[in-house]
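This report concerns only the one structure given below.
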Amino acid sequence: MHEMSIALGIVRIAEDEVAKAGARKVNSIDLDIGTLSGIELDSLEFVWPVAVKETVLEGATKNINIIQGKGYCMDCAIEFDMQNFADICPTCHALLKEIRQGKEMRVKALEVE
Amino acid sequence: MCSTCGCGQDDDVKIARPGQELSVEAVAHDHDNPHHHDHQHHHHGHSHDHGNRVIELERDILHHNDLHAAQNRGYFDALQITTFNLVSSPGSGKTTFLERCLNDLKTEMDFYVIEGDQQTMQDANRIDALQVPVVQVNTGKGCHLDGGMVTDAVKELDPKKGGVMMIENVGNLVCPAMFDLGEDFRIVIISTTEGDDKPLKYPDMFHGSQICIINKIDLIPYLDFDVERTKEYAKKVNPDLIFFEVSATKGDGMEDFYQWLRSNKKS
Ligand SMILES: Nc1nc2c(ncn2[C@@H]2O[C@H](COP(=O)(O)OP(=O)(O)O)[C@@H](O)[C@H]2O)c(=O)[nH]1
Ligand SMILES: [Mg+2]
Ligand SMILES: [Zn+2]
Ligand SMILES: [Zn+2]
Ligand SMILES: [Zn+2]
Ligand SMILES: [Zn+2]
């Protein structure tokens with residue numbers, strides 16, 4: 001389950017930033033996670049308590065901002081919602097599309113003390 | 001995240017050459033080097049009286065993996081090494097495909113192989129039997145290779161200029177999709193014994209690959225697998241995919257891939 005790697009990646013970023021800021025711990029963390037990022041939110045919730053145990057993130061509030069996947073069809077010049085990469089333009093069914101958003105997976109902000 | 005950065009999950013990652021004990025610990029990549037990535041993040045000191053501060057980061061969660069991938073990519077480019085990351089479900093034929101390539105081309109090109117597997121040395125032993133330099137990375141509980149493991153393995157291999165680096169990832173179509181290793185091309189292999197809707201079930205993997213190999217075409221007469229339908233599904237996910245239809249055991253279709261490799265190698 002790669003969500004453990006994802007959670008540990010978040011922990012590593014938080015540990016680094018807390019050390020750099022000379023803080024003690026994180027009160028809250030804001031994450032941006034796109035629906036096309038490949039991160040299963042249920043799995044992330046499941047591994048989170050284990051991953052943050054005895055780290056600066058233990059007890060921190062986690063706020064997840066879910067970013068809806070969006071594709072753009074160049075032929076029709078329309079934007080459409082994507083649940084996964086197989087979704088194509090609902091109007092003309094062209095295969096070619098530009099992914100406008102939804103691949104995000106990032107730590108947006110941390111509140112530390 | 002990577003084998004030697006001190007993240008707890010990776011305690012049991014091991015890197016070894018065939019014939020070495022698997023207890024050999026991963027060689028440390030230089031994490032004593034300054035490793036803090038001070039690019040463009042701003043510390044906005046909100047001075048609330050309780051002393052809390054908000055740090056705006058916008059940092060990619062896989063930042064650390066991506067640093068290793070970039071490091072690997074720079075190394076491969078400098079040495080003009082062409083690198084492939086092979087992914088598939090277990091048993092689709094990654095190792096057999098590699099064996100076939102090495103047998104047919106090893107007098108023409110210098111190959112290097114990194115074998116990823118959770119537990120065993122078997123695949124590395126199969127490659128070693130062909131007298132091609134190989135390193136096994138055992139990921140333990142980890143279900144994918146990451147950039148740091150490849151950094152370690154490449155150090156162990158010490159490849160020559162102009163070679164071809166083949167990386168067989170852990171057999172799994174989900175987890176390796178997210179982790180850039182620094183490769184030039186990702187090859188996803190699907191075999192005719194699997195469902196032809198695999199590209200729709202595992203779209204992330206097909207989206208992130210450049211080449212799709214349909215393997216075990218020798219079995220088509222006995223199966224319901226529809227090659228054209230598979231390609232149609234795969235193109236919905238990724239219209240730029242390049243397809244090769246092969247039998248890794250019999251050799252059918254391999255020459256097309258070799259021609260492509262000859263004209264797309266870096267040197
Ligand atoms: N019939 C047939 N069997 C194949 C072909 N390629 C691989 N196999 C068999 O599929 C099994 C798994 O192959 P392997 O290369 O170990 O798969 P990996 O787990 O992806 O590395 C082995 O028994 C191979 O002999 C092929 O083209 N045709
Ligand atoms: Mg194998
Ligand atoms: Zn996994
Ligand atoms: Zn359209
Ligand atoms: Zn590191
Ligand atoms: Zn590392």
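Labels below follow one simple rule: chain letters A, B, ... track the order of the sequence lines, proteins then strands, and each chain is numbered from 1. These figures come from a predicted structure and were not determined experimentally.
- Neither the backbone nor the side chain of A/Lys25 comes within contact range of chain B, judged by heavy atoms closer than 4.5 Å.
- Here A/Leu31 contributes atom CG and B/Ile61 contributes atom CD1; the two are 5.5 Å apart, rounded to the nearest 0.5 Å.
- Rounded to the nearest 0.5 angstrom, A/Asn27 CG and B/Arg53 CZ are separated by 11.0 Å.
- Looking at A/Glu17 and B/Arg59, their side chains come closer than 4.5 Å, going by heavy atoms from C-beta outward.
- Annotation: side chain of B/Met178 is not in contact with side chain of A/Ser5 (no heavy-atom distance under 4.5 Å).
- Both the backbone and the side chain of A/Leu96 come within contact range of chain B, each with at least one heavy atom under 4.5 Å from a heavy atom of that chain.
- The CE atom of A/Met4 sits 12.5 Å away from the SG atom of B/Cys175 when rounded to the nearest 0.5 Å.
- One distance of note links CG of B/Asn238 with NZ of A/Lys97; it measures 8.5 Å at 0.5 Å rounding.
- With contacts defined as side-chain heavy-atom distances shorter than 4.5 Å, the pair B/His207/A/Ile99 qualifies.
- The shortest heavy-atom contact between B/Pro203 and A/Ala86 is CB-N, 4.3 Å.
- With a threshold of 4.5 angstrom between heavy atoms, A/Ile13 approaches chain B through side-chain atoms but not through N, CA, C or O.
- The 12-atom threshold is not exceeded at CD of B/Gln122, counting heavy atoms of other residues, nucleotides or ligands nearer than 6.0 Å.
- Rounding to the nearest 0.5 angstrom, the gap separating the CG atom in B/Asp204 from the NZ atom in A/Lys103 is 9.5 Å.
- How far CG of A/Asn84 is from NZ of B/Lys201: 13.0 Å, rounded to the nearest 0.5 Å.
- In this structure the side chain of A/Lys108 never reaches within 4.5 angstrom of the side chain of B/Leu57, judged on heavy atoms.
- Neither the backbone nor the side chain of A/Ala94 comes within contact range of chain B; no heavy atom of the residue lies under 4.5 Å from a heavy atom of that chain.
- For chain B, no part of A/Ser28 is nearby; none of its heavy atoms comes within less than 4.5 Å.
- For the pair A/Ile6/B/Leu62, a side-chain contact is recorded, criterion being any heavy-atom separation below 4.5 Å from C-beta on.
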